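We're numbering straight along the sequence, starting at 1. Treat the numbers as computed from the prediction; the structure is a model and nothing was measured.
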Amino acid sequence: MTRLFKTPVFKRLAAGSMLALALSATAPAFALDDQQKKEMGQFIREYLLQNPEVLVEVQNALEAKQQTQRVEQSTKAIADNKQAIFSSPTDITLGNPKGDVTVVEFFDYNCGYCKRALSDMDDILSKDKNVRFILKEFPILGPDSVAAHRVANAVRLVAPEKYAEFHRELLSGKPHASEATAIAVASALGVKEAAIRKSMADQPNDDLVRDAYRLANAIGITGTPTYVVGDEAVFGAVGLETIEQKVANVRACGKATC
């Protein structure tokens, strides 16, 4: 999963801090003098050195708590933003427009994980004729990605019937996606460059990108690809089987996790 930021150092520090607080909580309810504080510090240090596995347990507990909070945040945000996530008129819909389950993908044309996950989308659409698949333009990997998505938006407006093929060609291509490579792909599909550039000038996708970032921030999305299936955000290139199971769960119980 392509991420905006990573914090492994923070996790280690947080785990150590939580353990220190937990151990300190066992001390008597009166203030410690300097000598007692020194002894307590030595005790904590010796305990950690003799039982380093405790740090792993604390870190795992911290990560589990953070994951629970992330799921709660994303579930509430999805419920609060259903219209923008599932029914925006500016998004491209593939598959069955009246499908009983909708899969939304936030993606970036320069995301390597998105490129590898392209076949998952195609497999789902070929195997399940009752899935509605929405592509949510979410350029997070620099100016070239922003420019490539601006071209994509122009293709959507100028030649919407070409968008699906354009999307597959640009996302599956080896060249770094940029304005130039995106226009080259569109031109090869018969979309005139002059029409693309006019659309980019007249109707830039700045508002659409801002809307995608607002949604991503609310849901807790920090990288691509991220899917929304039913009531749940699915973070990362999780693979075909996981997405298919989420779709099956929505049909079975109305939720992505039954």
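- In this structure, the side chains of Gln203 and Leu157 come closer than 4.5 Å at one or more pairs of heavy atoms.
- In this structure, the side chain of Lys115 does not engage the main chain of Ser172 through any donor-acceptor pair within 3.5 Å.
- Counting heavy-atom neighbours within 6.0 Å of Asp34 CG, excluding the residue itself, gives a total of 12 or less.
- The main-chain N or O of Leu189 is found under 3.5 Å from a side-chain atom of Lys162 such that the two form a donor-acceptor pair.
- Checked by atom type, the side-chain pair Ser145/Asp108 shows a donor-acceptor distance below 3.5 Å.
- No hydrogens or angles considered: nothing links the side chains of Gln245 and Glu241 as a donor-acceptor pair under 3.5 Å.
- In the hydrophobic clustering of this structure, Val131 does not group with Val104; members are Ile, Leu, Val, Met, Phe, Trp, Tyr whose side-chain heavy atoms approach within less than 4.5 Å, directly or through other members.
- Put simply, the side chain of Lys192 does not reach to within 4.5 Å of the side chain of Val158, judged on heavy atoms.
- Note that Arg116 lies in the cation-pi zone of Tyr113, set by a 6.0 Å cut-off to the ring centre and a 45° limit from the axis.
- Val250 and Phe235 are assigned to two separate hydrophobic clusters, defined by single-linkage of ILVMFWY side chains at heavy-atom distances under 4.5 Å.
- Between the side chain of Gln73 and the backbone N or O of Ala218, at least one donor-acceptor pair lies under 3.5 Å.
- A donor-acceptor pair shorter than 3.5 Å cannot be found between the side chains of Arg150 and Asn153.
- The shortest distance between side-chain heavy atoms of Asp144 and His176 falls below 4.5 Å.
- Across Ala148 and Leu170, no two heavy atoms sit closer than the pair CB-CD2, 4.4 Å.
- Across all non-hydrogen atoms, the minimal contact from Ala164 to Leu94 is CB-CD2, 3.6 Å.
- Shown here is Arg45, whose CZ atom has no more than 12 heavy atoms of other residues, nucleotides or ligands within 6.0 Å.
- Between Leu215 and Asn81 the shortest heavy-atom distance is CD2-CB, 3.6 Å.
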>> Checking Met200 against Val151 for the side chain to side chain contact (heavy atoms under 4.5 Å, CB included) test, could you report, in this order, the C-alpha distance in whole Å, the side-chain angles of both residues, the deciding distance, and whether it holds?
In response: CA-CA 7 Å; Met200 290 168 64; Val151 175; 3.9 Å; yes
>> Tyr47 vs Val54, test: side chain to side chain contact (heavy atoms under 4.5 Å, CB included). Steps then yes/no.
In response: CA-CA 9 Å; Tyr47 182 87; Val54 174; 4.0 Å; yes
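- By the 30° and 60° cut-offs, the orientation of the rings of His149 relative to Phe107 is tilted.
- Rounding to the nearest 0.5 Å places CD1 of Ile243 at 5.0 Å from CG of Asp120.
- The minimum heavy-atom distance linking Val247 with Val229 is given by the pair N-CG1, 4.2 Å.
- Note: Asn96 CG to Asp128 CG = 9.0 Å, rounded to the nearest 0.5 Å.
- The same ILVMFWY cluster, assembled from side-chain heavy atoms under 4.5 Å apart, contains both Met121 and Val101.
- Between the side chain of Tyr213 and the main chain of Pro139, a donor-acceptor pair closer than 3.5 Å is present.
- Considering NZ of Lys82 and OG1 of Thr102, their distance stands at 11.0 Å, rounded to 0.5 Å.
- Under a hydrophobic-cluster definition in which Ile, Leu, Val, Met, Phe, Trp and Tyr are linked whenever side-chain heavy atoms come within less than 4.5 Å, directly or via other members, Leu125 and Leu240 are assigned to the same cluster.
- Proximity of a side-chain donor or acceptor of Gln36 to a complementary backbone N or O of Asp33 within less than 3.5 Å is detected.
- Nearest heavy-atom pair across Phe133 and Leu135 is CE2-CD2, 4.0 Å.
- Within the 4.5 Å cutoff, the side chain of Phe86 has heavy atoms near those of the Ile78 side chain.
- Atoms CD and CG, from Glu105 and Leu118 in turn, are 8.0 Å apart once rounded to the nearest 0.5 Å.
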> Between Glu232 and Thr257, is a side chain to side chain contact (heavy atoms under 4.5 Å, CB included) present by the stated rule, with each step listed?
Replying inline: CA-CA 8 Å; Glu232 190 174 307; Thr257 300; 2.7 Å; yes
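- Rounding to the nearest 0.5 angstrom, the gap separating the CG atom in Asp211 from the CZ atom in Phe138 is 12.0 Å.
- Looking at Arg132, Lys136, Arg156 one by one, the single match for salt bridge (Lys or Arg N to Asp or Glu O under 4.0 Å) with Asp91 turns out to be Lys136.
- Connection of Val185 to Tyr163 is established within a shared hydrophobic cluster, with ILVMFWY side chains joined at heavy-atom distances below 4.5 Å, either directly or through further cluster members.
- A salt bridge is absent between Asp123 and Lys127; no separation between the charged side-chain nitrogens and carboxylate oxygens falls under 4.0 Å.
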>> Evaluate Ile219 against Ile85 for side chain to side chain contact (heavy atoms under 4.5 Å, CB included), listing each step before the verdict.
In response: CA-CA 10 Å; Ile219 296 169; Ile85 295 171; 3.9 Å; yes
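- With Thr75 contributing its side chain and Glu72 its backbone, the two residues share no donor-acceptor pair below 3.5 Å.
- Ring-centre distance between Tyr227 and Phe106: not below the 6.0 Å cut-off.
- Closest heavy-atom contact between Ala256 and Lys246: O-CD, 3.3 Å.
- With rounding to the nearest 0.5 Å, the separation of SG in Cys111 from CD1 in Ile140 is 7.0 Å.
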